[in-house]
K.L.:
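This structure is in structure tokens; I'll ask about it shortly.
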Amino acid sequence: MEARRANGNAGKVSIDKLLYLLSQGCMLHKVKGGGLLYPRTFYLDTENMVLKYSGSEKRLRKKRISWPISKIREVREGEKDYSKRLDPYDRGRCLAVVFGTNHEVLYLMSETSQMRDDWIKGLRFALHMDQYMDQKQQTDRWIREAFQMADKNNDRSLDFEEILKLLKQLNADMDKKYVLELFNKADTTKTHGKPVLDAEEFVRFYHMLTERPEIDEIFMKYDDGKGYWTFSDLCKFFYHEQKLDLTEDQSKELIAAFEPQKQLQLEEHLSPIGFRTLLASNDQQLFNPIHKRVYQDMTQPIINYYISSSHNTYLTDDQLRGPSRVEAYITALSRGCRCVELDCWDGPDEEPVIYHGYTLTSKIFFRDVLSAIKDYAFQSSPQNPNSRYPVILSIENHCSVKQQTVMATYIRSIFGDLLYAPEETPNRIPSPHDLMGKIVIKGKKLPNNLSNTDEGEVSDEDEAADVSNESVKPPKKDSGHKIKLSQEFSACVGFKAVGFKGVEESINSKGIFVSLGENKALKLIDNDRDGVIKLNQHMLVRTYPAGSRTDSSNYNPVPMWNAGCQVVALNFQTNSEPMQLLQGKFMDNGGCGYLLKPGFLLSDDRSASPWTSRKRLSITIVSGYQLPKPNDSKKGEIIDPFIKIEVHGVKEDTQQCKTSVKENNGFNPRWDEHVSFVIGQPDHAIIRFVVYDHDRCVDDFIGYFALPFHSIQEGYRHFSLLNKHGDKIPMALILLKVEIKEA
């Protein structure tokens with residue numbers, strides 16, 4: 001289509017007409033680093049729910065030319081993006097399409113602002129459509145994507161050999177005769193010449209191919225040979241297997257919702273296909289759906305909550321030379337983070353900047369970061385629907401008094417009424433509920449009795465001094481070093497931070513925040529665990545990675561949480577096991593970023609609450625479904641999957657085991673293997689499942705899922721696999737049977 005077919009002349013058109021225009025294609029420029037523009041014809045295909053483009057000359061290099069709409073996290077106007085990449089251009093003609101949990105961004109520029117607005121409207125509508133697809137629509141869309149991937153010659157059909165190649169790509173090593181039998185059955189529009197399947201026939205073929213015998217076996221235990229379930233059969237299944245007591249009306253509602261055959265719906269009967277769909281639905285997942293909303297008491301003092309926290313939030317790579325980006329704050333906030341870090345330094349032209357001091361990391365403007373935090377701190381999204389609880393800005397202040405005053409001006413003007421900065425210290429520590437919709441600055445604060453001058457002095461505890469690399473080590477300071485603090489900046493601070501000089505001294509300091517490096521925190525926990533628990537019953541304790549972790553690796557957060565430390569800060573850009581545990585833990589309580597600590601760790605008389613009794617967690621790993629290959633696997637190679645099950649908690653509860661390896665079957669591996677764990681302190685336990693592809697040298701990571709012990713549902717339960725970035729892997733499921741008993 002001509003580049004102008006969907007241009008500014010379209011004006012305000014109906015959404016159907018707009019989607020049609022965008023599906024025909026129009027010219028947009030990809031905006032790359034270094035001021036480079038690449039003209040490409042972009043298409044919005046809402047039938048197959050993909051954004052794609054054509055016109056690339058690079059044939060040999062692997063590159064992405066299409067994106068599923070389901071991968072889009074946000075569509076942003078150019079004026080609302082903070083990337084310097086767009087600075088040379090008219091931001092009113094630019095848009096940013098943000099993909100995945102890690103916020104990879106596609107920057108585009110259109111010929112006119114109207115065309116840009118049309119693309120934003122169309123993409124946002126497609127994203128809305130995608131989010132409200134039902135389960136069958138999502139499955140069929142994924143199958144069509146597979147069909148398009150295999151249709152190399154674009155003739156909109158697949159012959160038998162093309163289907164065999166596709167099955168290998170999808171990790172299915174199946175009997176050729178069986179596949180041919182299903183192929184012939186699905187080929188309903190038989191034509192002269194070579195037999196082929198069109199897209200609709202392929203969807204039918206794929207559904208036949210992916211029948212789940214292990215689920216049919218569960219169904220047959222309760223159907224008494226009828227071939228269907230009545231509402232009474234469904235009630236029995238839920239009572240005996242899922243440990244839930246359904247009413248007659250509830251069971252009938254489930255049949256109406258999940259039975260695809262109208263006649264059976266009218267008869268209030270559930271077919272095996274309906275049961276399969278029900279068992280894979282959101283409410284039947286391993287993670288308890290009640291815990292997807294805020295259900296905990298949010299009115300206790302904020303020191304009684306674990307808080308999802310980020311270290312050096314601005315960095316997107318290592319700690320020495322990596323780039324600093326405003327987008328990193330948006331990414332962290334969208335993942336449920338409620339405490340972000342800002343390392344502030346004097347910048348040129350009286351503009352404070354944020355970067356990792358004494359290193360070669362790049363710099364970003366303080367004001368840009370504040371604007372992004374204001375825009376995204378309380379913005380709901382499918383990934384973070386409960387983002388109304390307070391955001392804490394942990395500020396490392398290295399600025400001169402003059403630029404501190406500039407910082408204070410920006411804080412007041414940008415945040416306005418969102419800022420929590422009481423003039424007098426409140427009589428009681430506020431709760432997350434008290435601070436809903438508020439942004440709180442954590443930092444050094446001048447005494448209230450200071451005379452009305454422009455500045456004062458406070459002690460300096462410099463986190464940057466923990467950097468171990470000699471080439472970037474900061475100048476040494478004596479232990480009593482003082483820094484000058486602007487009155488204006490001090491007045492913006494809502495949570496006073498103090499240096500750690502000992503448990504009792506910190507408690508008596510009238511501060512609410514104390515920070516401990518990873519090594520100091522672990523040593524203190526080993527030597528005086530009761531003291532650490534006492535400390536965090538009076539104030540917020542923040543821990544952060546050791547300065548030696550210049551590669552942005554993370555420490556194990558679990559020992560810190562076990563000792564009651566609330567603000568356990570991790571490098572969000574490093575998606576290894578510690579971040580997976582953090583994401584799993586904070587899925588609980590609606591993913592709001594605040595979790596009420598176990599009763600015995602709470603402040604005041606609440607700490608007398610009893611511990612949860614020992615539990616036995618019994619798991620039967622039944623099967624897997626459509627497990628993908630590792631990204632770097634050889635073409636045509638079928639994976640050999642196994643599952644590792646881990647318990648992370650107090651030292652005595654930490655344990656793991658793994659299943660056998662299923663050779664050459666990532667498509668529908670069947671295990672039926674039983675494992676059992678005794679867990680002494682379930683309140684601290686996080687269960688992590690990891691799927692690997694067995695290899696003679698190093699086992700390749702496929703995907704994972706982690707959740708708190710108390711968020712597990714009993715019975716036959718699925719969970720979706722997540723990739724290393726925390727994004728859901730399409731169609732990939734693990735089926736378990738879970739029982740929890742007193743031990």
K.L.:
Could you go through the side chain to side chain contact (heavy atoms under 4.5 Å, CB included) check for Leu180 and Asn184 one step at a time?
P.N.:
CA-CA 6 Å; Leu180 181 60; Asn184 290 331; 3.8 Å; yes

K.L.:
When you measure from the side chain of Thr659 to the backbone of Ile643, do you find a donor-acceptor pair of N or O atoms at a distance under 3.5 Å?
P.N.:
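Yes; at least one donor-acceptor contact below 3.5 Å.
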
K.L.:
Report yes if some heavy atom in the side chain of Lys30 is under 4.5 Å from a heavy atom in the side chain of Leu106; otherwise report no.
P.N.:
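Side-chain contact under 4.5 Å: yes.
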
K.L.:
Report yes or no: is the cationic atom of Lys658 (NZ for Lys, CZ for Arg) closer than 6.0 Å to the six-membered ring centre of Phe642, at no more than 45° off its axis?
P.N.:
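Judged by the rule, Lys658 and Phe642 form a cation-pi pair.
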
K.L.:
Kindly say whether Ser576 contributes a backbone atom to a donor-acceptor pair with the side chain of Thr574 at under 3.5 angstrom?
P.N.:
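No; judged by distance alone, with no hydrogens or angles, the pair does not exist.
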
K.L.:
Checking the side chain of Asp693 only, and the main-chain atoms of Asp640 only, is there a donor and an acceptor separated by less than 3.5 Å?
P.N.:
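Checked: pair present.
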
K.L.:
When you check the gap from the basic side-chain N to the acidic O, do Asp672 and Arg670 get nearer than 4.0 Å?
P.N.:
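Judged by the 4.0 Å cut-off on N to carboxylate O distance, Asp672 and Arg670 do form a salt bridge.
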
K.L.:
Please determine if Arg116 and Glu77 form a salt bridge, counting it only when a charged side-chain N lies under 4.0 Å from a carboxylate O.
P.N.:
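Between Glu77 and Arg116 there is no salt bridge, as every charged N stays at least 4.0 Å from the carboxylate O atoms.
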
K.L.:
Would you call Met220 and Pro272 a side-chain contact if the rule is heavy atoms closer than 4.5 Å?
P.N.:
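No - every pair of side-chain heavy atoms lies 4.5 Å or more apart.
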
K.L.:
Hey, are Asp117 and Arg93 close enough for a salt bridge, meaning a charged N less than 4.0 Å from a carboxylate O?
P.N.:
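Judged by the 4.0 Å cut-off on N to carboxylate O distance, Asp117 and Arg93 do not form a salt bridge.
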
K.L.:
Looking at every non-hydrogen atom in both residues, tell me the closest pair between Glu214 and Ser623 and how far apart they are.
P.N.:
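Where Glu214 meets Ser623 most closely, the heavy atoms are OE2-OG, 2.7 Å.
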
K.L.:
Main chain of Lys662, side chain of Asn665: is a donor-acceptor contact present, judged purely on distance under 3.5 Å?
P.N.:
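No: the side chain of Asn665 does not pair with the backbone of Lys662.
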
K.L.:
Are Lys17 and Tyr20 in a cation-pi contact, defined as NZ or CZ under 6.0 Å from the six-membered ring centre and within 45° of the axis?
P.N.:
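That pair does not qualify as a cation-pi contact.
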
K.L.:
Considering non-hydrogen atoms only, spot the tightest contact between Tyr89 and Cys94 and give its length.
P.N.:
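Looks like CB-SG, 4.2 Å.
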
K.L.:
Angle class for the Phe160/Phe183 ring planes (parallel below 30°, perpendicular above 60°, tilted otherwise)?
P.N.:
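Answer is perpendicular, since the angle exceeds 60°.
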
K.L.:
For Arg76 and Glu327: C-alpha separation, side-chain torsions, deciding distance, then whether salt bridge (Lys or Arg N to Asp or Glu O under 4.0 Å) applies.
P.N.:
CA-CA 12 Å; Arg76 188 184 300 155; Glu327 189 69 39; 2.7 Å; yes

K.L.:
Assert yes or no for the condition that the ring centre distance of Tyr53 to Phe42 is strictly below 6.0 Å.
P.N.:
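Ring-ring flag for Tyr53/Phe42: true, centres closer than 6.0 Å.
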
K.L.:
Check the surroundings of atom NZ in Lys252: do more than 12 heavy atoms from other residues, nucleotides or ligands lie under 6.0 Å from it?
P.N.:
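Counting other residues, nucleotides and ligands, NZ of Lys252 exceeds 12 neighbours.
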
K.L.:
Donor-acceptor pair, Asp45 side chain versus Met49 backbone, under 3.5 Å?
P.N.:
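No; zero donor-acceptor contacts below 3.5 Å.
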
K.L.:
Return yes when atom NZ of Lys185 has more than 12 non-hydrogen atoms of other residues, nucleotides or ligands closer than 6.0 Å, and no otherwise.
P.N.:
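Check fails, neighbour count at 12 or below.
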
K.L.:
Can you confirm whether Arg124 is buried at CZ, in the sense that more than 12 heavy atoms of other residues, nucleotides or ligands lie under 6.0 Å from that atom?
P.N.:
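Atom CZ in Arg124 is crowded, with more than 12 foreign heavy atoms closer than 6.0 Å.
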
K.L.:
Can you find a side-chain donor-acceptor pair between Tyr704 and Glu577 that sits under 3.5 Å?
P.N.:
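No - no donor-acceptor pair under 3.5 Å links their side chains.
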
K.L.:
Give a yes or no on whether the backbone of Ala280 and the side-chain of Gln285 come within a donor-acceptor separation of less than 3.5 Å.
P.N.:
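Yes.
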
K.L.:
Between Glu201 and Asp187, is there a donor-acceptor pair closer than 3.5 Å when you use the side chain of the first and the backbone of the second?
P.N.:
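No, Glu201 side chain to Asp187 backbone: no donor-acceptor pair under 3.5 Å.
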
K.L.:
According to the ring-ring contact (aromatic ring centres under 6.0 Å, His included) rule, which pairs have a member within residues 95-117, sequence neighbours left out?
P.N.:
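Residue pairs passing ring-ring contact (aromatic ring centres under 6.0 Å, His included), neighbours aside: Trp67-Phe99.
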
K.L.:
Looking at Tyr716, is its backbone amide N or carbonyl O close enough to the side chain of Gln242 to form a donor-acceptor pair, meaning the two atoms are under 3.5 Å apart?
P.N.:
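Yes; at least one donor-acceptor contact below 3.5 Å.
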
K.L.:
For Phe237 together with Phe275, are the ring centres under 6.0 Å from each other?
P.N.:
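Yes: the rings meet the under 6.0 Å criterion.
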
K.L.:
For the residue pair Thr620 / Glu673, report whether a side-chain donor-acceptor contact shorter than 3.5 Å exists.
P.N.:
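There is no such pair between these side chains.
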
K.L.:
Establish, yes or no, whether the cationic atom of Arg212 lies under 6.0 Å from the six-membered ring centre of Tyr625 and within 45° of the ring axis.
P.N.:
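Yes, a cation-pi geometry holds between Arg212 and Tyr625.
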
K.L.:
Ignoring hydrogens and geometry, is there a side-chain-to-backbone donor-acceptor pair from Trp671 to Ser660 under 3.5 Å?
P.N.:
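Here the side-chain-to-backbone pair exists.
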
K.L.:
Return the orientation label for the His291 and Phe287 ring planes: parallel under 30°, perpendicular over 60°, tilted otherwise.
P.N.:
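Perpendicular.
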
